[in-house]
S.K.: 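Structure below; questions to follow.
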Amino acid sequence: MALISIDRERGLLTAEFQGLDKLWTLKSRLEIPLTHVRGATHDPGIAREPKGIRVVGTHFPGVITAGRFRRDGERLFWDVKNPHKAVVIELADAESYDRLVIEVDDPRATVALIEQSITRG
């Protein structure tokens, strides 16, 4: 699971991975400029979609998907054990990833936080 926070002063969205998720994802945190965040959705169904090719990380079907994956040219970052708590964060092309699929404690609150924090042009 990850903790998502917004630093408006620095203009950053931070995903900080908790416990063993640091081991499974091989990351302790991701920092994304808010200007590169397109939006966020709560999407429990995404766990049923094909993951693609694992670049680095962990994948035990039905148990955990964590790390970097590539699917149809798309760069994905996963950290999900419980698909009912999955949030999908869409990113602009300038980022290392096209989408982050991250398990959070409260998906609705996380989506609201992200959506309220991004600037729509």
S.K.: Tell me if a side-chain donor or acceptor on E103 pairs with a main-chain N or O of K81 at a distance below 3.5 Å.
M.R.: yes
S.K.: Show the nearest heavy-atom pair for residues A15 and I4, with the distance to one decimal.
M.R.: CB-CD1, 3.6 Å
S.K.: Using a 4.5 Å cut-off between side-chain heavy atoms of Ile, Leu, Val, Met, Phe, Trp and Tyr, which other residues end up in the same hydrophobic cluster as L26?
M.R.: V56
S.K.: For R71, which residues count as a side chain to side chain contact (heavy atoms under 4.5 Å, CB included) partner, sequence neighbours excluded?
M.R.: E49, P50, E74, L76, R99
S.K.: What's the separation between atom CZ in R70 and atom OH in Y97, rounded to the nearest 0.5 Å?
M.R.: 11.0 Å
S.K.: S28: what forms a side chain to side chain contact (heavy atoms under 4.5 Å, CB included) with it, not counting sequence neighbours?
M.R.: K22
S.K.: Evaluate the side chain to side chain contact (heavy atoms under 4.5 Å, CB included) criterion for residues R54 and R68: first the C-alpha distance (whole Å), next the side-chain angles of each, then the deciding distance (0.1 Å), finally the verdict.
M.R.: CA-CA 6 Å; R54 181 181 53 190; R68 293 176 52 200; over 6 Å; no
S.K.: Membership question, hydrophobic clusters at under 4.5 Å side-chain separation (ILVMFWY): are L20 and V63 in the same one?
M.R.: yes
S.K.: Working to the nearest 0.5 angstrom, can you tell me the gap between S96 OG and L91 CG?
M.R.: 9.5 Å
S.K.: Just wondering, do R108 and D106 contact through their side chains at under 4.5 Å, heavy atoms?
M.R.: yes
S.K.: Side chains of V101 and D79: closer than 4.5 Å at any heavy-atom pair?
M.R.: no
S.K.: Between T25 and K27, is there a donor-acceptor pair closer than 3.5 Å when you use the side chain of the first and the backbone of the second?
M.R.: yes
S.K.: Using the side chain to side chain contact (heavy atoms under 4.5 Å, CB included) rule, take F17 and L30 through it: C-alpha gap first, then chi angles, then the decisive distance, then the call.
M.R.: CA-CA 8 Å; F17 303 102; L30 291 173; 4.0 Å; yes
S.K.: Taking the side chain from K51 and the backbone from A47, do they hold a donor-acceptor pair closer than 3.5 Å?
M.R.: yes
S.K.: With clusters defined by side-chain heavy atoms of hydrophobic residues (ILVMFWY) lying less than 4.5 Å apart, directly or transitively, does L13 cluster with L3?
M.R.: no
S.K.: Check whether any side-chain heavy atom of I118 lies under 4.5 Å from a side-chain heavy atom of V37, and answer yes or no.
M.R.: yes
S.K.: If two hydrophobic side chains count as joined below 4.5 Å and joins carry through other members, does V88 share a cluster with W78?
M.R.: yes
S.K.: Can you give me the closest heavy-atom contact between V80 and A86, atom names plus distance?
M.R.: CG2-CB, 4.3 Å
S.K.: Apart from V55 itself, which Ile, Leu, Val, Met, Phe, Trp or Tyr residues share its cluster (side-chain heavy atoms under 4.5 Å, direct or through members)?
M.R.: none
S.K.: What are the two closest heavy atoms between G39 and E115, and how far apart are they?
M.R.: CA-OE2, 3.1 Å
S.K.: Do L34 and I6 touch side chain to side chain, with heavy atoms closer than 4.5 Å?
M.R.: yes
S.K.: For H84, what residues pass the side chain to side chain contact (heavy atoms under 4.5 Å, CB included) criterion, not counting sequence neighbours?
M.R.: P44, N82
S.K.: Going by the side-chain hydrogen bond (donor to acceptor under 3.5 Å, both in side chains) test, which pairs reach into residues 5-16, not counting sequence neighbours?
M.R.: R8-S117
S.K.: Where do A40 and V87 come nearest, in terms of heavy atoms and distance?
M.R.: CB-CG1, 4.3 Å
S.K.: To the nearest 0.5 angstrom, please state how far the CD1 atom of I89 sits from the OG1 atom of T41.
M.R.: 9.0 Å
S.K.: Set out, in order, the CA-CA distance, both residues' side-chain angles and the distance that settles side chain to side chain contact (heavy atoms under 4.5 Å, CB included) for I32 and L100, then state yes or no.
M.R.: CA-CA 10 Å; I32 309 292; L100 308 177; 4.3 Å; yes
